[in-house]
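Reading through the structure tokens given below for one structure.
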Amino acid sequence: MDFALVLLAAVALIVVVTLIKAVRIVPQQRQDVVERLGKYKRTLNPGLNLLVPFIDAVRTKVDMREQVVSFPPQPVITSDNLVVSIDTVLYFKVVDAVRATYEISSFLQAIEQLTVTTLRNVIGSLDLERALTSRDEINRHLSGVLDETTGRWGIKVTRVEIKAIEPPASIRDSMEKQMRAERDRRAAILTAEGHKQSQILTAEGEKQSAVLRADGDRQARILQAEGQAKAIRTVFDAIHQANPSQKVLAYQYLQALPQIANGTANKVWIIPAELTKALEGMGGALGGLSQMVGDLPAPEAADRASQVEREAAEAAQAAAAAAQQIHDEVRVAEAQATGGAKPQGLPAPEPVSPESLLNDPSDQRERG
């Protein structure tokens, strides 16, 4: 009786173990490689799978998801004989679980060593400057070489990234000094460009200011000249409309003659011999002002005529005095020029008195 119970329990245990060995549940994104009696039989896909107990066995469980592996820093020598430390990151996924299991013993270690050797070959053909600035080119080259090599292992390399390229400390110091000098040079260039632009703008402003100032001066002179021309034209029209007589012109000339003689810059005057005759003629003209045709004074203008005669007498006296002074200055200048000898030239005119200008014989004849 006890033996039967033990046998029944053993049979139940064998059945349970057999069921456990026969049933295999595979999760998503995983494949199990099954061997039968040590030989590859089939690959279990995700879900419920049945195996032959004690004959079929799972060799490996392969994760089909994309995986990320970060390799430790590797020393690499560049073409200019500088040792740099490079960190890389590798992205890959298993596309064939059977080949990843049977083609290579450890595909992860193989990928790491292949990445290191390929990286040394690529960096060894570049100098430090180009290696620091050609990360995309290095990544593409590494990805192409690894994908071609790992393809027969059932592995797909999706991406290779270089995390850091660390040159030696001395090289980093030199690079920092070089960059600092480059920044200083750019700052100096920008400062010079700014100063240049400032000078150009200042010169342009001065040029435009000078042009506008010259244009304003030109317009002012044009307007001034137009004003003077208009004034002259107005005076000329007024004179022609007034139709002045000879006595007014002679009177105006006698008033202007003392002012001409009193000029401070007039040191030497050349007096023509005909000046006395001209003054006598003017005196005669002034004496006959009241007898000229069409210019007889009205009875109510007697006082005004006497005032005009007094002013004319005063102007004649001033003109005679000015003429005598000019004649004396000319004689002194001639004496100084000839060294005391009497100059040989035209005879000096006789001095003219105010009475000769006012008491002209022609005037007396006209009055008689």
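No side-chain N or O of Thr88 forms a donor-acceptor pair with one of Glu161 less than 3.5 Å apart.
No more than 12 heavy atoms of other residues, nucleotides or ligands lie within 6.0 Å of CD in Glu148, so this atom counts as exposed by the packing criterion. For Gln199, the CD atom counts as densely surrounded, since its 6.0 Å shell holds more than 12 non-hydrogen atoms of other residues, nucleotides or ligands. Within a 6.0 Å sphere centred on CZ of Arg185, other residues, nucleotides and ligands contribute more than 12 heavy atoms.
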**Request:** Report the C-alpha separation of Val98 and Tyr40 in whole Å, then their side-chain angles, then the decisive distance to 0.1 Å, and conclude whether the side-chain contact (heavy atoms from CB on, under 4.5 Å) test is met.
**Result:** CA-CA 9 Å; Val98 176; Tyr40 170 74; 3.4 Å; yes

**Asked** After noting the C-alpha distance and the side-chain angles of Asp217 and Arg213, does the key distance pass the salt bridge (charged side-chain N to carboxylate O under 4.0 Å, His left out) rule?
**Response** CA-CA 6 Å; Asp217 190 13; Arg213 192 181 298 108; over 6 Å; no

**Message:** Set out, in order, the CA-CA distance, both residues' side-chain angles and the distance that settles side-chain contact (heavy atoms from CB on, under 4.5 Å) for Phe92 and Arg159, then state yes or no.
**Reply:** CA-CA 7 Å; Phe92 71 96; Arg159 192 171 183 179; over 6 Å; no

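What you find for Ile165 and Arg135 is that their closest heavy atoms are N-NH2, 3.7 Å. In terms of heavy atoms, Glu66 sits closest to Lys93 at CA-CB, 3.7 Å.
Under 4.0 Å is where a charged nitrogen must lie from a carboxylate oxygen, and between Asp215 and Arg218 at least one such pair does. By the 4.0 Å N-to-carboxylate-O rule, Glu182 lies close enough to Arg186 to be salt-bridged with it. By the 4.0 Å N-to-carboxylate-O rule, Arg140 lies too far from Glu137 to be salt-bridged with it.
Taken to the nearest 0.5 Å, the CD atom of Gln74 stands 8.0 Å off from the CG atom of Leu119.
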